[in-house]
Structures are given as C-alpha cells and as structure tokens.
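Read the structure below first, then the notes.
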Amino acid sequence: MNGFSEFLELHPLFSWLYELLKSTGLQDPWLRVTHYSILGSMMFGVLSLIALFLVWWERKIAAHIQQRFGPMRHGWHGWYQTIMDAIKLLQKEDVKIALRDKPVFFWAPIVCFVAAFCVYVVMPFGEGLIVADLNIGILYVLAITTWTVISLLMAGWGSNNKYALLGGMRSAAQIVSYEVPMAVSILTPILFVGSLSMNDIVLSQTGPIYNWFVFRLPFGPIAFLTFIIAGTAEANRTPFDIPEAEQELVSGYNVEYSGMKFAMFFLAEFVNMFTIAAVAVTVFFGGWNGFQFLPSWLWFLGKTLLIVLLLMLFRWTYPRLRVDQLMMFAWKFLVPVTFVNLIIAGLFKHLGWYW
Amino acid sequence: MGVIKDLKNLIAGLGITGKHLGTHAITVQYPEQRDKIPERSRGIVVLLSDKETGELNCTACQLCMRACPTGAIVVEFERDENKRKVLTNFTLDNTICCFCGLCEESCNFSALKLAQKYEFSTIGKEELVWDMHKLQEVGRDVPYEDKRKKKKAAPKKPTPKPTEKKPEEEKKPQQTKEEVEAQAEKKAKPVDKPVDKMEPKPEPEKEKPATEDNQPGEKPKAGEEPTEQTGGKTEQAGDDSKDDTKKEGSD
C-alpha cells in the first residue's frame, strides 16, 4: 500500500527531467531557464484541463441543484461539452469595436489570463511538485492575484462602453477592499509557520490531522471563513459578482469581447476560483498532507475540488449583494473580525499555547 | 450574536441546495425518453381503417368537413354506378388545423380520430398537407372504438323502407359478405395480402396527381367546390345523414 502510493508520486519526474536536461550539456542559466519553462508549460496544460473540467463541473452542479441534467449530449454526461465550446469560441470572429482603446483593449485579456496562471509557479501540487519554491511564496500569490484588477479595469476602459467601464470600476473597488481581509486572514497561520514559503506552510502542517490550521481553535476556523468569503469576492463569484452582474451591467467588463479573448477571460475566471481553493487548501487544510494510501498530489487535488464545490454551492445558493452592502461588509465587518482574530492568534502564540 | 444566527441561516441555505444536489433530476431526455401522453390528448388527425378489411372507414359524408372551423379538411368523392359515394381524396391541411377535435365529434363512422401522435415536423410547408393515403398510413396502428358495428348489424334486419333505398341497402350487406369471404381467403394467405388487395388504392393514386395539381390553387378551389357542387353534394350528404338518422331511429 505504502509502496504503491509512493510509486504514484510525481516528483521523481521533475528531478528526472532536470537530470535529462543536464545530460545534454546545458550550462546553468540556460539549464534552469529550460527546466522552468518546460515545467511551466506542463503546469499550463494541466491547469487548462482543470479549468475546462471546472466549467463542465459547475454547469453540472448548477443543473443538479436545480434538478436538471445540464450538458448531456457530448459523451458520457456531456464530459467533452466544454472542449467543444472552447473550439467554437476559438473559431468565432474577434469583433473589434471601432472606438476602442486599441492597446488596452488588446492586452486586457492577456494580462488576465497570464495573471491567473502565474500564481501556480509557487503552488505546491504535491510532495516536491512545485515549480519554484520562492521564499516569499504567499506574498507572491497575493500580489499576482491582484493583477486581475488591473486587467478588468483595462478591459472596462478599453471597451469604450459604459457597462464595461462600470464593471471594471466595481471590480477594482471590490478586489481592493477584499484584499485586506484576505491578506490578514492568511497572516494568521503565517504567524505560526514563521515563513512565507508555500512549501514551509505545508510542511508545518504535517503529522496528525489536528495540525491543519483550520482545526486550531478558536482562530483557525474564523480565519478560514473570512478567507473563503474574501476569496469568493476576489474571484468575482456570485454572492460578490457585482463586476459582472448580468441584471445591472449587461455582462460587466467583458461585454465587448468575443471569440478567443472572451474565452481567455472566461477560463481565467475559473482558474482564479481554483487558485482561491488551492490557496485555502495550502494554508488551512494541510496542502498535500494526507494519509498514506494515496499519493500527495491526489490529496491536494481532492481537497481543492472539495473547496471548489463549496464555492459552487455558494454561487448557486446566495443572492448577489448590493454595492454598498458589499463595501460595508468588507470594511465594517470582515476587516475588524480578521484583525481581532489576528490579535487573538498572536496572543496564543505569545503565551505559548500553540506551537 | 446576530452574526452566529446569520451564519446558521447561511449554512441552512447551503444545506437546502446541497440536498437538491443529491436528488435526481426530473428532466425528461426527450428523443430517448418520452412523457406518457394522456389518453384523451388531441394530436394529429388520422384516418382510421377497418380492423378487418384494412379499408378506410370514411363514407365521404363530409360532416367533418363542415364541422371544421378552419377549413382544414377537404373531402372529395365520386358517385359510382349505384350512386353510392366513393371517397376519392381526403385532404388535411396540418398548417391550419387547430386540433379542436370537432371533426372527431361530428363523425358517425369512426372514420377519423385525433391520435396521441404529435411528431410531424417537416422541412417544407407543403409537406404538411396530407392526403388520404398518408393519413391512413399514420392512423394504421391507432387503437379506436368502432362506433359502426351497430350499423353493420342493422342492415341485416329486413326493414321495410321506401323502395328507392332498397337496392342500396341490399347491396351493402352483400358487399360486406363478399368482403368477409374474401377475408376468409386472405386469412389463409400471408398477412401482407390485405394491404395489397386494397384495390381502391391504385385508382386514387392515378387521380392523386390531379388533386395535387389542384393543391397550389387549393384555396380558390376549396371556395369553388362548395359553390359548384354544394347544390348537389350537400343535398346528397344531407340525404345520407337523414338516412343514417332514420336507420338509427328504426334501430
């Protein structure tokens, strides 16, 4: 059993790739560059598949919550429906409105797409399955996810459309507000780790299951709750989806986009959701830590998909907040709660009640 | 403490959606699965055939044609040498049929019915105008209650009636007897035979092109027919219906 799960581990693949590149006689800067770029493109491919899967999964879950079937026509329960959708979107005409701000309009989806995928450079998918273990990992994640704001603002401005601009402005206001509680609630576990590296965060939660940060009462669950609320807002998902509120702004910042550019926004949205879930798992649910019988990357994937399921349930359960309610909730409730939580955690640490 | 209460409500909401996630979908996957259609639902109008002989039950009395509020039904007939009506064509325009079922109500011979079938979409509008052969084909497997059986038995009674009608009435049972004999022969032979032996079929097919040619200008014709022939036809039809009522009365 133990040997089997070790056999399924993927990190030997990474070192084997490194050795292979070394044997070709590449010198160090180029060796590292090729190694990282190959790993990066592997990560990109895997994440694209995950994003396509998530689109399908979201549609199925939405359907079954409403007692429908959802996509059923392509393959078993429509499993390759999203692949067909992506092919359709790639074939469609890229409509360019005449009065757009040309460079801004062009770069917005690319920035959004790249920002969504860049996070995964520091994401520990499994034991040793990490592209680059930066010593400021979690800070890097917080910094990169904020790029989304810039891309959405760019999309809103470049479209020369008042709905799009309103969507972009709203998303900027929202993400900047929710960045604060999100960062502070991540800071709570970091206090105990003593390192910003993602690998160290995961390693500090090894051992029995009560080492996971969610189970450190009383501040653990509160930090997780505030993080998941702020993360939902960060990923522009439904209780907080005012940047693309269909009933108010036609479709928000991406009204004027079509074809492949729209597909980039769309996929980036789902990758962002996966990012939030992955960060939540890494920081609060022990990352790839699990029991022996499954390989570490499967533990990570399973936990992340469970958190994604929770986010999807949020989306299909709760109605959207108004803009002022959203701001009030962020600044008058979440920020104080997270700061008080951080202070309590600091007290516990100082008194030595937790390690 | 309000926060905890709100949190409880939020979690209760998640529980409700989660419960629905577990229950099975109620969607009917249409082409693969179908809902059971209620027995008395009104679908396409079809012509019914006799269960034994396989011939149409229609006697060309034109009651359905007159009952039809939209004029979707056109019944054409000829007189044979015995002055009996022979149905030459029965056209149903599905584009203007409103599925009210008045034709079915007016029919005394179980000749047509609004079947439970509802799938008859076509590519062209012209294909929705069905002639008697198409209507018969569609109605071949439609179960129905035969209202005529009383009348089949009725002519056997030697009812003293005005001399004019005697030849007709005498011939009817004779014909039916012949048919029955023919059937007895057919029953020994393969089942396909009755369909082949439907001799009237080729004849209307010869006439069909003519009627089809008429169809483009159908509307004016439909208007013309009553004006030209109503004088004769309606009177005759009226006679027939009177005969029927008399028979019923005598029964």
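So that the names make sense, note that chain A is the first sequence line, chain B the second, and so on, each numbered from 1. Just so it is clear, the model here is predicted, and its values are computed rather than measured.
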Heavy-atom contact with chain B under 4.5 Å, split by part of A:F333: side chain
Close approach to chain A in residues 111-118 of chain B, criterion heavy atom under 4.5 Å: none
Non-hydrogen atoms of A:I61 and B:L21 that approach each other most closely: O-CD1, 3.8 Å
Side chain, backbone, both or neither of B:L10 within contact of chain A (heavy atoms, under 4.5 Å): both
Heavy atoms from other residues, nucleotides or ligands near CZ of A:F53 exceed 12 (cutoff 6.0 Å): yes
Verdict with reasoning, B:L7 to A:L225, per side-chain contact (heavy atoms from CB on, under 4.5 Å): CA-CA 10 Å; B:L7 210 63; A:L225 262 180; 3.9 Å; yes
Quick check - list every chain B-chain A donor-acceptor pair under 3.5 angstrom, one line each.
residue	atom	partner	partner atom	Å
B:L10	O	A:Y318	OH	2.7
B:T17	OG1	A:T317	OG1	2.7
B:H20	ND1	A:Q67	NE2	3.0
B:T23	OG1	A:Q67	NE2	3.0
B:I26	N	A:Q67	O	3.2
B:E32	OE1	A:R73	NH1	3.4
B:E32	OE2	A:R73	NH1	3.2

